[in-house]
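What follows is a short report on a single structure.
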Number of protein chains: 2
Amino acid sequence: MRKPGGHEVSMTGAIMARTPVWASIAATLEQEIARGLYAAGDKLPTEAALAARFGVNRHTVRRALSDLGERGLTHSRRGAGVFVRAAPTDYPLGRRVRFHSNIRASGRLPEKRVLRIETRPADTTEAEALDLAPAAPVIVYEGLSLAGGDPIAHFTSVFPAERLPGIDATLQETSSVTEALRRHGIADYTRAFTRLTAEAATATQALHLALPEGAPLLRSVGRNVDPDGVPVEHGVTHFAGDRVALTVASDDDPPTSSG
Amino acid sequence: MRKPGGHEVSMTGAIMARTPVWASIAATLEQEIARGLYAAGDKLPTEAALAARFGVNRHTVRRALSDLGERGLTHSRRGAGVFVRAAPTDYPLGRRVRFHSNIRASGRLPEKRVLRIETRPADTTEAEALDLAPAAPVIVYEGLSLAGGDPIAHFTSVFPAERLPGIDATLQETSSVTEALRRHGIADYTRAFTRLTAEAATATQALHLALPEGAPLLRSVGRNVDPDGVPVEHGVTHFAGDRVALTVASDDDPPTSSG
DNA sequence: GCCTATGATTTGTCTAGTTGTATAGGATTC
DNA sequence: GAATCCTATACAACTAGACAAATCATAGGC
């Protein structure tokens with residue numbers, strides 16, 4: 001599984017007669033991952049341990065691990081270790097996931113991890129977004145969407161606390177915005193708008209999504225309203241740009257002449 | 001002597017913390033204090049809660065809180081918690097987005113500048129996208145979309161040349177995909193799909209869009225088909241992430257059992 | 001009602017281990 | 001000579017776990 005004359009060799013055209021040690025180590029580790037010796041999410045031995053095992057310097061091991069990381073097989077967390085990634089190459093998310101349901105649920109993907117659920121006064125933008133009085137209480141729901149153990153998106157949703165008392169407990173239980181709204185009597189909500197932008201990942205976002213800082217993120221801002229047009233949820237989701245492709249379903253779509 | 005910190009950012013599995021994580025956390029908390037989420041005298045969430053929220057170790061949160069404490073924003077009492085001392089008044093929240101467009105109008109933004117119009121044999125992906133025989137001739141239309149003189153997006157569209165002979169001249173004249181297709185007898189086309197991703201700008205894209213290399217771009221791939229479902233246009237558009245927000249209209253969208 | 005004992009919670013401190021980065025130098029190959 | 005590969009050292013950033021010290025919540029006794 002080694003590619004000495006790969007496509008992305010930009011240095012020189014020289015062909016290495018002998019395979020470097022680091023490539024050999026990378027190939028060994030890749031085989032062991034492929035063989036199931038290390039499952040997805042598992043932590044590899046420490047760099048020091050691997051260096052001892054292969055009888056090389058730690059930096060040589062790091063060169064091998066860097067290769068695996070570039071190819072998406074592993075990712076590392078400083079201080080924690082190197083971990084096997086679930087999706088080796090392209091995650092076929094774009095094929096299956098519908099844009100509308102995806103956006104509306106703000107990450108209603110297989111698994112979710114709750115990072116924070118709290119009630120606090122709204123800031124000015126939140127109050128405006130939910131059409132509330134200044135500093136009115138809002139319930140904040142922050143979390144991660146995962147697919148196969150890999151983080152796909154990071155989202156933050158705010159709800160009007162007075163309109164939806166106790167939805168924090170429901171969110172904690174179901175971790176689903178759709179389900180929580182349904183249980184609180186708002187089964188028939190619609191999405192007022194969705195706004196999409198691209199952003200560079202901050203250090204914190206990079207950490208959550210296991211990406212390098214500055215990596216491109218797909219930012220989605222959306223608002224859900226009840227049948228009377230009153231906002232019941234306002235959320236921001238950041239998708240990992242290289243792991244997700246949102247697809248817009250092509251309902252009936254008369255090409256309007258909107259600027 | 002070597003220069004530290006080159007321009008090359010290896011956007012790969014490794015998490016490059018150009019900014020320390022604790023600094024990013026401190027900035028987030030400072031902003032939340034400034035926005036009035038935590039008033040003077042309020043107790044911040046516990047270190048453990050913040051660690052869970054940011055996905056880091058408690059010590060990293062402590063490093064951030066230590067920074068806030070040193071700067072006089074907070075003070076802590078052992079056993080009790082961390083409390084807000086005062087709220088800084090500066091609240092910088094610039095409006096990033098200066099332009100937004102409906103996503104249906106992906107390739108039809110107001111002002112345009114033609115970069116290239118040419119006819120050549122299709123490559124494999126283009127042939128597949130347009131459902132053509134390999135190396136069948138296609139017309140390629142590359143250009144920039146502008147708003148107020150600023151470049152907003154860079155797009156490349158391909159058309160089947162045999163189906164639409166002479167459309168290159170029409171494109172040159174009108175610089176509008178919609179108008180060109182209409183004049184060539186395809187007034188009633190529909191968008192088969194749209195796929196959205198975030199990407200980092202290459203050097204060329206950065207040049208076109210007047211952005212730094214690596215800046216986040218919103219990549220939109222779409223295909224238009226005639227009433228019989230035959231592809232008549234396939235395009236890729238890269239939007240400048242910080243200058244554009246795509247909006248998804250909320251047409252008829254029953255939130256029931258879709259996904 | 002008031003006081004206290006108890007236990008859980010929360011911050012403070014310590015030690016140890018792991019990855020990320022920078023610098024420097026020797027060895028090999030072209 | 002230049003580029004690549006590997007070694008070596010040192011430090012920074014972050015994780016992990018454990019324990020102490022202060023505080024808070026609660027129940028029980030008077």
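All chains are named by letter (A, B, ...) in the order of the sequence lines, taking the proteins before the strands, and each is independently numbered beginning at 1. Atoms considered below: every heavy atom in the structure, side chains included; atoms not considered: hydrogens, waters and symmetry mates.
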From the options [options], select the nucleotide whose nearest atom is closest to the side chain of [X].
{"X": "B:Pro20", "options": "D:dC14, D:dA10, C:dT11", "value": "D:dC14"}
{"X": "B:Arg62", "options": "D:dT7, C:dT11, C:dC14", "value": "C:dT11"}
{"X": "B:Arg78", "options": "D:dC14, D:dA22, C:dT19", "value": "D:dA22"}
{"X": "B:Thr60", "options": "D:dT15, D:dC6, C:dG20", "value": "D:dT15"}
{"X": "A:His59", "options": "D:dT7, C:dT19, D:dT15", "value": "D:dT7"}
{"X": "B:Asn57", "options": "D:dT15, C:dT19, C:dT11", "value": "D:dT15"}

What do the steps show when you test A:Phe159 against A:Asp168 for side chain to side chain contact (heavy atoms under 4.5 Å, CB included), and what is the final call? CA-CA 9 Å; A:Phe159 304 83; A:Asp168 47 356; over 6 Å; no
Thinking salt bridges, do A:Arg163 and A:Asp226 make one under a 4.0 Å N-O criterion?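 Yes.
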To the nearest Å, give me how far apart [atom1] ([X]) and [atom2] ([N]) are.
{"X": "A:Leu65", "N": "C:dT21", "atom1": "CG", "atom2": "P", "value": "13 Å"}
{"X": "B:Leu50", "N": "C:dT9", "atom1": "CG", "atom2": "P", "value": "17 Å"}
{"X": "B:Lys43", "N": "D:dC24", "atom1": "NZ", "atom2": "P", "value": "10 Å"}
{"X": "A:Arg58", "N": "C:dT18", "atom1": "CZ", "atom2": "C1'", "value": "8 Å"}
{"X": "B:Leu44", "N": "C:dT11", "atom1": "CG", "atom2": "C1'", "value": "13 Å"}
{"X": "A:Phe54", "N": "D:dC5", "atom1": "CZ", "atom2": "P", "value": "18 Å"}
{"X": "A:Leu207", "N": "C:dT19", "atom1": "CG", "atom2": "P", "value": "16 Å"}

With a 4.0 Å cut-off on heavy atoms, is B:Arg63 in touch with a base, just the backbone sugar-phosphate, or nothing at all? nothing
Under 4.0 angstrom, heavy atoms only, what part of the nucleic acid is B:Arg77 near: base, sugar-phosphate, or nothing?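 Result for B:Arg77 = sugar-phosphate.
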Using a cut-off of strictly less than 4.0 Å, decide whether A:Ser76 has a side-chain nitrogen or oxygen near OP1 or OP2 of C:dT18. no
Measuring to OP1 and OP2 of D:dC14, would you say a side-chain N or O of B:Trp22 lies under 4.0 angstrom away? yes
Check for a donor-acceptor pair, side chain of A:Thr28 on one end and backbone N or O of A:Ser24 on the other, with a separation under 3.5 Å. yes
Checking A:Arg78 against A:Glu213 for the salt bridge (charged side-chain N to carboxylate O under 4.0 Å, His left out) test, could you report, in this order, the C-alpha distance in whole Å, the side-chain angles of both residues, the deciding distance, and whether it holds? CA-CA 13 Å; A:Arg78 170 183 296 202; A:Glu213 183 179 357; over 6 Å; no
Is any side-chain heavy atom of B:Phe155 less than 4.5 Å from a side-chain heavy atom of B:Glu142? no
